[in-house]
Amino acid sequence: MTVVWINGSFGAGKTTTARELIDLIPNSTLFDPEIIGGMLTHHLLPPKHLAEVGDFQDLPIWRRLVIDTAAAMLAELGGTLVVPMTLLRQEYRDEIFGGLAARRIGVRHVLLAPAETILRERIAGREAPPDLADGETRTRQWAYDHIEPYRAALGSWLTADAHLVDTSALTPYETAVRIAEAVGSGAVPVCDIVQTPEPTAETVASGVLLFDEQDRVLLVDPTYKPGWEFPGGVVEPGEAPARAGMREVAEETGLRLEDVPRLLVVDWERPAPPALGGLRLLFDGGGLDSAAAGRLLLPGPELRDCRFVTEQDAARLLPPVRYERLRWALRARERGAAVYLEAGVPVGG
């Protein structure tokens, strides 16, 4: 089972190309995530909730439903799923592609990249839905507004990740033929996204705090899930938690800790569907000199970015419960005694 994800700016011709492509790739089916966005914005979510986001892609429920729906369709139909959808934020791409990879579904990423002058001409000639008030103006302006984010993504991560097809002089059918040939020949590889299966029960996870010469703590931005985190991951069956943290640090950053890190925090994370919760441990991995910090392996299949931050910076980057875990870990490090937490709150003496 595989997904061919057709990316590109609004107006690049993704949907028309996808409709042509399913006739060229045997046993393929079209799945347009725009349908899920419309369902959420027009039928399911309250207007007050929608007013807090500028785009349905910013809704975590949209990204999760895209993953779940694509996986369910492939489980039902098999073969190849052709998905025309603009993804210009790398963290959203990583979350969706990583979620599919966790279900052992490979994603082949194709980018339709017409010259900007051609793209603007196509947007200008694009028809709007007849039932949408001021639809023509709003649809075109929406597409024009996304040219700059597209240009920014093209100059950073898109060109390194996707198979580019210049569609400036191609019809949708000719574009589909190019994609079908590239997919069939293997010229479009499966994206190098870490496959992290979703847990089926409560988990134990170990994080390791690493510090620079200014005593700032290292945070990492994983490719396989949204948001900043500590280096670390889930403890495998039969594995000691501290050793799991050491293994994850080596896999994610390339740094190999010589000494077993000291426990700072044990935190029980309550279930919050779809997350199942479990125990979260933080260990003190000690300080890194400038040479060791310079050996961090980035970018890579596991991490998009990393940075050393102050406690104040961490409060801005981390989710509240994760930040509380860090805050108490730093206090435990100062006092030399581990702390037990429940959902980020100290319990007992």
Side-chain angles (χ1 to χ4, degrees), residues 1-44 55-57 59-89 92-114 126-127 129 158 161-165 167 170-193 195 197-198 224 274:
M1 298 188 296
T2 188
V3 166
V4 176
W5 194 287
I6 303 179
N7 203 349
S9 186
F10 296 91
K14 301 179 298 297
T15 302
T16 51
T17 296
R19 291 191 180 118
E20 298 281 4
L21 187 59
I22 60 173
D23 292 329
L24 300 174
I25 296 179
N27 193 22
S28 61
T29 307
L30 178 67
F31 165 46
D32 189 349
E34 191 88 24
I35 297 171
I36 294 176
M39 177 179 65
L40 292 172
T41 55
H42 297 300
H43 302 289
L44 294 181
D55 187 331
F56 61 68
Q57 289 197 8
L59 295 165
I61 189 176
W62 177 81
R63 302 192 296 274
R64 183 168 187 85
L65 283 174
V66 169
I67 297 168
D68 291 344
T69 304
M73 288 183 68
L74 285 171
E76 181 76 18
L77 302 170
T80 299
L81 209 59
V82 177
V83 183
M85 191 70 214
T86 298
L87 285 177
L88 300 183
R89 294 185 59 169
Y92 292 174
R93 185 288 311 258
D94 292 343
E95 181 181 352
I96 292 171
F97 289 13
L100 293 168
R103 293 162 170 79
R104 303 298 184 259
I105 298 169
V107 182
R108 301 179 188 275
H109 191 188
V110 178
L111 176 67
L112 306 189
R126 192 175 183 182
E127 294 184 359
L158 263 177
D161 174 84
H163 178 84
L164 270 65
V165 178
T167 64
L170 300 177
T171 65
Y173 175 75
E174 291 169 337
T175 302
V177 170
R178 295 262 184 108
I179 296 173
E181 291 174 349
V183 169
S185 68
V188 186
V190 173
C191 287
D192 184 18
I193 296 288
Q195 298 184 359
E198 292 194 351
Y224 49 88

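All values derive from a computational prediction rather than experimental measurement.
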- Audit row: I22, T29, side chain to side chain contact (heavy atoms under 4.5 Å, CB included) steps and yes/no: CA-CA 6 Å; I22 60 173; T29 307; 5.9 Å; no
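- A donor-acceptor distance shorter than 3.5 angstrom exists from the side chain of R63 to the backbone of Q57, with no hydrogens or angles considered.
- Side chain of N7 to backbone of L111: no donor-acceptor contact under 3.5 angstrom is found.
- In summary, D68 and R103 engage in a salt bridge, as defined by a charged side-chain N under 4.0 Å from a carboxylate O.
- Between T2 and G106, the shortest heavy-atom contact is OG1-O, 3.1 Å.
- In this structure, the side chain of K14 engages the main chain of S9 through a donor-acceptor pair within 3.5 Å.
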- Task: Evaluate the criterion side chain to side chain contact (heavy atoms under 4.5 Å, CB included) for residue pair H163 and V165; output intermediate values, then yes/no.
- Result: CA-CA 7 Å; H163 178 84; V165 178; 3.9 Å; yes
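- Between T80 and V3, every side-chain heavy-atom pair lies at or beyond the 4.5 Å cut-off.
- Under the 4.5 Å side-chain criterion, counting only non-hydrogen atoms from C-beta, T86 is in contact with L88.
- In this structure, the side chains of P33 and V83 come closer than 4.5 Å at one or more pairs of heavy atoms.
- Although no hydrogens or angles enter the test, the distance criterion places a donor-acceptor pair under 3.5 Å between the side chain of S185 and the main chain of A182.
- Residues L100 and I96 form a side-chain contact, since some pair of their non-hydrogen atoms from C-beta on lies under 4.5 Å apart.
- Counting heavy atoms of neighbouring residues, nucleotides and ligands inside a 6.0 Å radius, atom OH of Y92 exceeds 12 of them.
- Tested against W5 for a side chain to side chain contact (heavy atoms under 4.5 Å, CB included), the candidates V188, L87, V110 yield a single pass: L87.
- With sequence neighbours excluded, the residues that form a side chain to side chain contact (heavy atoms under 4.5 Å, CB included) with A176 are T17, E20, L21, L24.
- Ring-plane geometry between W62 and F56 is classed as tilted, the angle between the planes lying from 30 to 60 degrees on a 0 to 90 degree scale.
- For the pair T175/R178, no side-chain contact is recorded, criterion being any heavy-atom separation below 4.5 Å from C-beta on.
- Listed here is the closest heavy atom pair of A18 and L30: CB-CD1, 3.5 Å.
- Between atom CD1 of residue I35 and atom CG of residue L65 there is a gap of 12.5 Å, rounded to the nearest 0.5 Å.
- Not a single donor-acceptor pair under 3.5 Å links the side chain of T167 to the backbone N or O of L170.
- Between atom CD of residue E34 and atom CE of residue M39 there is a gap of 12.5 Å, rounded to the nearest 0.5 Å.
- Rounded to the nearest 0.5 Å, atoms CD1 (I105) and CE (M1) are 5.0 Å apart.
- T15 is not listed as a side-chain neighbour of I6, based on a closest heavy-atom distance of 4.5 Å or more.
- In this structure the side chain of I61 reaches within 4.5 angstrom of the side chain of L40, judged on heavy atoms.
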- For L74 and F31, run side chain to side chain contact (heavy atoms under 4.5 Å, CB included): C-alpha distance rounded to whole Å, both residues' side-chain angles, the deciding distance at 0.1 Å, then the answer. CA-CA 10 Å; L74 285 171; F31 165 46; over 6 Å; no
- Item | From CA spacing to verdict: side chain to side chain contact (heavy atoms under 4.5 Å, CB included), V190, V107 | CA-CA 5 Å; V190 173; V107 182; 5.8 Å; no
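- How far CD of E174 is from OG1 of T171: 3.5 Å, rounded to the nearest 0.5 Å.
- In terms of heavy atoms, H109 sits closest to C191 at CB-SG, 3.6 Å.
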